[in-house]
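Just so it is clear, the model here is predicted, and its values are computed rather than measured. In what follows, chains are A, B, ... by sequence order, proteins preceding strands, each numbered from 1.
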Protein chains: 2
Amino acid sequence: MSKVGGMEGNHILLDNPPLKEAYRFLRKGLAGKMLVFFIADCEVSYRGRARSYLSRGERLIVIKPDGSLLIHRDKGYEPVNWQPPDTVISTRLTDNHLLVKSVRKSVNEVVEIHIFDLKVLGCYRLKDIGTFTMYGREEDMKKAIEMFPSLIEEGFKVLRTERKVRPGFIDVFGVDSQGRLTVVELKSGTSSMDAVLQLKKYVDSLKKELGVTEIRGILASPRITKRGLQLLKTLKLEYKPLSPAKCLKYLERKKGLKL
Amino acid sequence: MSKVGGMEGNHILLDNPPLKEAYRFLRKGLAGKMLVFFIADCEVSYRGRARSYLSRGERLIVIKPDGSLLIHRDKGYEPVNWQPPDTVISTRLTDNHLLVKSVRKSVNEVVEIHIFDLKVLGCYRLKDIGTFTMYGREEDMKKAIEMFPSLIEEGFKVLRTERKVRPGFIDVFGVDSQGRLTVVELKSGTSSMDAVLQLKKYVDSLKKELGVTEIRGILASPRITKRGLQLLKTLKLEYKPLSPAKCLKYLERKKGLKL
DNA sequence: GCCTAGGTCCCGTTT
DNA sequence: AAACGGGGCCTAGGC
């Protein structure tokens, strides 16, 4: 049984197609820069930064017009095999199976799908000019602190954000009410020892660069791990509880609108 | 036009179904713990650790039997919105649209999809008992070094792997030909300053724990960034070029088989 | 549950 | 092209 829908160029939908028919329309979909998906009984091999082999079974496979490839089993957020955008997809039909190959040349990586049977094949051109907006990331915390420096502490003033130091950028650089230079490292989620070491790195770099012996280091985030806090205290750094949610409330108040 | 395939319980495939029909079979697929996918003209909102809003457009949506949810636009490896496994999916049909809601209670996070139109709906039970194996990760480097310590240097001996220290685990702990204690940090990819700081942390912790003043620290990876190497030298640590690929060759030689 | 560390991480941005 | 840091990162493994 092979039922077919929408063959007039807009989209393609094949129910349980024979390999040969699937091959024909798969090529059509790929050539037409459509979003292609299919459920296939297949084997998958990957070679590149690492190697992997997935033995035979049914999976959902998605190929996007930009060359990204996703192979999903029936569990989990992550694809079992994949390629990021900018791969070249090629196909080949032999007697008993269909090969789909995705090659990324920038970093030599190859995914090969050996297909023995297809349950369904769909090709669509997504009409999507929608806009995507996200709130509550580190960037929003930064904006809020620029507008409301007291979110860090009373008397705090921002000198600048994204200040360059040797190894990267300081999230927020300012002075406290006593006039002491202060480095603020922001995290939108839980801070762990990594974040503490990062702050330490920035404080030390800046001391060296400016030839100053005293610079305060403040880590601002909604939560910090126990070990992170321990390390922080050992290194004479400070912690300020601050959540993206609280920052957003301040931003909304300023703009007078709900996000 | 709504063509229908495989309604006998095995799978469901609807071509351009009216919302009402889609709703009925969507519920059927979800209740039957099938893999569900559809292409929909929709809006998406997310609230949890952060918030986001995606305005109207066509996307490919996948709901897995384990409760994971993926919403893909026609570009990129990553879904624009998603939920990891263990969410509760609910649906509601109103006059002019279909709502699909995914709630994760462990960390209060909600994704809502407002659907205005469906291009296709599929529900399948994936038959997949295949095995997945991967080679060339840090773990394989560790195994290879245990069997062939000279991969680090002549005369090197492994005392143990995964040795616990204050803040975590040392990848490989051993002694060199001079009897000096040595900490090895492995990276399967390019090492940057982070990796160097990680190694430093381990070396320092171990010095403290053992009351020893001299411990060698070796970072082994296929590549290291310029700044990483700079920092490494400043901190009196060492670099050993070592790739997963080379480790795999040694492992294959040992096992006498091709991976 | 918390916490650490790895990942074929991906991805944007800047040098 | 290299490199650094963020991410709703996700996921596995200890404790």
Listed by chain and number, what are the side-chain hydrogen bond (donor to acceptor under 3.5 Å, both in side chains) partners of [X], not counting sequence neighbours?
X: Ser243(A); result: none
X: Asp194(A); result: none
X: Glu78(B); result: none
X: Arg160(B); result: none

Open item on the list: If you only use heavy atoms from C-beta on, which nucleotide in dG6(D), dC3(C), dC4(D) is closest to the side chain of Arg227(B)?
Closed with: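 The closest nucleotide is dC4(D).
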Open item on the list: Please pick, from dG6(C), dG8(D), dT8(C), the nucleotide with the shortest atom-to-atom distance to any side-chain atom of Glu185(B).
Closed with: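 So the side chain of Glu185(B) is nearest to dG6(C).
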Interatomic distance, [X] [atom1] vs [N] [atom2] [rounded to whole Å]:
X: Met141(B); N: dT8(C); atom1: CE; atom2: P; answer: 14 Å
X: Asp194(B); N: dC9(C); atom1: CG; atom2: P; answer: 15 Å
X: Lys105(B); N: dG1(C); atom1: NZ; atom2: C1'; answer: 17 Å
X: Met134(A); N: dG7(D); atom1: CE; atom2: C1'; answer: 9 Å
X: Ile170(A); N: dC4(D); atom1: CD1; atom2: P; answer: 16 Å
X: Phe132(B); N: dA12(D); atom1: CZ; atom2: C1'; answer: 14 Å
X: Glu139(B); N: dA12(D); atom1: CD; atom2: P; answer: 13 Å
X: Lys64(B); N: dC10(D); atom1: NZ; atom2: C1'; answer: 12 Å

Give a yes/no answer on whether the side chain of [X] brings an N or O atom under 4.0 Å of OP1 or OP2 in [N].
X: Lys201(B); N: dA5(C); answer: yes
X: Lys187(A); N: dG6(D); answer: yes
X: Gln198(B); N: dG6(C); answer: yes
X: Thr225(B); N: dA2(D); answer: no
X: Arg223(A); N: dC3(C); answer: yes
X: Arg49(B); N: dC10(D); answer: yes

Open item on the list: In whole Å, measure the gap between the P atoms of dG8(D) and dC4(D) for me.
Closed with: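 Roughly 22 Å separates the two P atoms.
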Open item on the list: When the C1' atoms of dT11(D) and dG7(D) are compared, how many Å lie between them, rounded to an integer?
Closed with: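 Straight-line distance between the two C1' atoms is 15 Å.
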Task: salt bridge (charged side-chain N to carboxylate O under 4.0 Å, His left out) against Arg163(B), all qualifying residues, sequence neighbours excluded - done: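 With sequence neighbours excluded, Arg163(B) shows a salt bridge (charged side-chain N to carboxylate O under 4.0 Å, His left out) to Glu209(B), given in chain and number order.
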Task: Residues that Glu58(B) engages under salt bridge (charged side-chain N to carboxylate O under 4.0 Å, His left out), provided they are two or more places apart - done: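 So Glu58(B) forms a salt bridge (charged side-chain N to carboxylate O under 4.0 Å, His left out) with Lys119(B).
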- [ ] Would you indicate whether the side-chain heavy atoms of Ser192(A) and Thr225(A) approach each other to under 4.5 Å?
- [x]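 Touching, per the 4.5 Å side-chain cut-off.
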- [ ] Evaluate the side-chain proximity of His114(A) to Cys42(A): yes if any heavy-atom separation is below 4.5 Å, no if none is.
- [x]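 Cys42(A) vs His114(A): side chains apart.
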What contact category does [X] fall into here, base, sugar-phosphate, or nothing, at under 4.0 angstrom with non-hydrogen atoms?
X: Ser188(A); value: sugar-phosphate
X: Arg104(B); value: base
X: Glu109(A); value: base

Task: Under 3.5 Å: donor-acceptor pair, side chain of Arg49(B), backbone of Ser188(A) - done: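 Checking the backbone N and O of Ser188(A) against the side chain of Arg49(B), no donor-acceptor pair under 3.5 Å is found.
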Task: Salt bridge flag under 4.0 Å for residues Glu238(A) and Arg216(A) - done: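 Yes.
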What N/O pairs connect the protein and nucleotides 12-14 of chain C at under 3.5 Å? Give each pair on its own line.
none

Open item on the list: Please enumerate all residues that pass ring-ring contact (aromatic ring centres under 6.0 Å, His included) together with Tyr239(B), with sequence neighbours excluded.
Closed with: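 Here no residue qualifies.
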Open item on the list: Restricting to ring-ring contact (aromatic ring centres under 6.0 Å, His included), what partner residues turn up for Phe156(A), sequence neighbours left out?
Closed with: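 Not a single residue meets the ring-ring contact (aromatic ring centres under 6.0 Å, His included) criterion with Phe156(A).
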Task: Sorted by number, the residues of residues 69-89 of chain A with heavy-atom contact under 4.0 Å to DNA chain C - done: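 Of all residues in residues 69-89 of chain A, the ones placing a heavy atom under 4.0 Å from DNA chain C are Val80(A), Asn81(A), Trp82(A), Pro84(A), Pro85(A).
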Task: Stem segments of DNA chain D by first residue number [Watson-Crick or G-U, under 3.5 Å, at least 3] - done: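 Ordered by first number, the stems with DNA chain D (at least 3 consecutive pairs each) read C:1-7 with D:9-15, C:9-15 with D:1-7.
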Task: Earlier contact from the 5' end, DNA chain C, for Gly48(A) and Thr190(A) - done: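 The residue closer to the strand's 5' end, by nearest nucleotide, is Thr190(A).
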Can I get a per-line list of side-chain donor-acceptor pairs under 3.5 Å for residues 101-108 of chain B, giving both atom names and the distance, sequence neighbours left out?
unit_1	atom_1	unit_2	atom_2	d
Ser102(B)	OG	Thr87(B)	OG1	3.1
Arg104(B)	NH1	Glu109(B)	OE1	2.9

